[in-house]
Amino acid sequence: MSRPATKTLIILTALLLAGGLAGCSPAASAAPGALKPEAAAVAIAQLGTIPVKGRAPKTGYSRDQFGAAWADVDHNGCDTRNDILARDLTGDTFKPGTRNCVVASGTLSDKYTGTTIKFVRGNLTSSAVQIDHIVPLSDAWQKGAQKIGAELRKQLANDPLNLMAADGPTNSAKSDKDAATWLPPSKPFRCEYVARQTAVKAKYRLWVTQPEHDAIANVLRSCS
């Protein structure tokens, strides 16, 4: 990645993870999950650095190609799933004896649907809130992740930039679709959603298809 492209990625990632959310337009400035115009402009520039190619075959794909599920890649003693739950839920409580590593309950303001979901850990209840890969791993595999090596794939699968707690049924409906075939039902979040996809694909040297590129560009143009 060239130095200007790397700088653009750093700026976009900082905006997305450190509060670059306020609204796709002045009228929508209070909309949860919307994107500031300056972040949208950076994302459009970043999109221009991502190669446009056809989708590669899914041959050889499995979840195991991205390492063990929810590895503790930051070595904080907690697995990635619980790290993201703790980050995205409010009023969270933890299972006793887990050193505040296993989230037991909390409230999610779901960006995909714009609804509020109560999370309670349990065999019959945990699936109400799932951890979504914003760039699905299958999609990543078909757009360059086959070539980046096992360690980078593991980082991709556990990168907070690419992870978000989300409504379980909506996440299941999304499956491994890209932006050309699926966008969040909550329109205010679409700006941040495609900007994060763009940042992830640039960071891990993945590509986009032409329909995907066009869908992302159309959303980002509406955010300024």
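Listed by first then second residue, pairs satisfying salt bridge (charged side-chain N to carboxylate O under 4.0 Å, His left out) with a partner in residues 61-84 number zero, not counting sequence neighbours. Under the salt bridge (charged side-chain N to carboxylate O under 4.0 Å, His left out) criterion, no residue pair touches residues 88-101, with sequence neighbours excluded. Residue pairs meeting the side-chain hydrogen bond (donor to acceptor under 3.5 Å, both in side chains) criterion with at least one member in residues 101-110, sequence neighbours excluded: Thr93-Ser105, Thr107-Lys118, Asp110-Thr113. Applying the ring pair (Phe, Tyr, Trp, His ring centres under 6.0 Å) test to residues at least two apart or on different chains, the pairs with a partner in residues 147-188 are Tyr112-Trp182, Trp182-Tyr193.
Between the side chains of Gln46 and Thr49, at least one donor N or O lies within less than 3.5 Å of an accepting N or O. Side-chain contact of Tyr204 with Asp159: a donor-acceptor pair under 3.5 Å is present, judged by distance alone.
With values rounded to the nearest 0.5 angstrom, Arg87 atom CZ is found 10.5 Å from Thr80 atom OG1. Summarising the geometry, atom CG belonging to Leu156 is positioned 11.5 Å from atom CH2 belonging to Trp141; distances are rounded to the nearest 0.5 Å. Distance check: His133 NE2 to Asn171 CG gives 10.0 Å after rounding to the nearest 0.5 Å.
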Using the side chain to side chain contact (heavy atoms under 4.5 Å, CB included) rule, take Asp132 and Lys174 through it: C-alpha gap first, then chi angles, then the decisive distance, then the call. CA-CA 9 Å; Asp132 180 44; Lys174 172 189 170 180; 2.8 Å; yes
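Shown here for Ala179 and Ala215, the closest heavy-atom pair between the two residues is O-CB, 3.5 Å. The heavy-atom pair separating Phe189 from Pro184 by the smallest distance is CD2-CG, 3.7 Å. The shortest heavy-atom contact between Cys191 and Ser222 is SG-OG, 4.4 Å. Looking at every heavy atom in both residues, Ala199 comes nearest to Leu161 through CB-CD2, 3.9 Å. Residue Leu206 comes nearest to Ala145 through the heavy atom pair CD2-N, 3.4 Å, listed as atom of the first residue, atom of the second, then distance. When all heavy atoms are compared, the tightest approach of Gln130 to Ser172 is NE2-OG, 3.5 Å.
The only option from Leu183, Ile44, Val194 that meets the side chain to side chain contact (heavy atoms under 4.5 Å, CB included) definition with Ile216 turns out to be Val194.
The hydrophobic cluster containing Leu163 also includes Trp70, Ile84, Leu85, Leu89, Phe94, Val103, Leu108, Ile117, Phe119, Val129, Ile131, under a criterion of side-chain heavy atoms closer than 4.5 Å among ILVMFWY residues, counted directly or through chains of members.
By the side-chain hydrogen bond (donor to acceptor under 3.5 Å, both in side chains) test, Gln146 pairs with no residue at all, sequence neighbours left out. Applying the salt bridge (charged side-chain N to carboxylate O under 4.0 Å, His left out) rule to Asp176 yields the partners Lys58; only residues at least two apart in sequence or on another chain are considered. Residues that satisfy the salt bridge (charged side-chain N to carboxylate O under 4.0 Å, His left out) test with Asp178, not counting sequence neighbours, are Arg55, Lys143. With sequence neighbours left out, Asn100 forms a side-chain hydrogen bond (donor to acceptor under 3.5 Å, both in side chains) with no residue at all. With sequence neighbours left out, Ala71 forms a side-chain contact (heavy atoms from CB on, under 4.5 Å) with Val73, Lys154, Asn158. Evaluation of the side-chain hydrogen bond (donor to acceptor under 3.5 Å, both in side chains) rule for Asp167 yields Thr170 as partners, not counting sequence neighbours. Every residue two or more places apart in sequence or in another chain that forms a side-chain contact (heavy atoms from CB on, under 4.5 Å) with Lys53 is listed here: Pro51, Trp207.
Contact of the Tyr61 side chain with the Gln142 side chain is not registered, since no non-hydrogen atoms from C-beta on lie closer than 4.5 Å. With a 4.5 Å cut-off on side-chain heavy atoms, Ile134 and Met164 count as touching. Contact annotation: the side chain of Glu192 never approaches that of Cys223 to less than 4.5 Å [non-hydrogen atoms, C-beta and beyond]. Ile50 places a side-chain heavy atom less than 4.5 Å from the side chain of Thr198.
One finds a salt bridge joining Asp139 and Lys201 here, because a Lys/Arg side-chain nitrogen approaches an Asp/Glu carboxylate oxygen to under 4.0 Å.
No donor-acceptor distance shorter than 3.5 angstrom exists from the side chain of Thr181 to the backbone of Lys177, with no hydrogens or angles considered. Judged by distance alone, the side chain of Gln155 and the main-chain N or O of Glu151 form no donor-acceptor pair under 3.5 Å.
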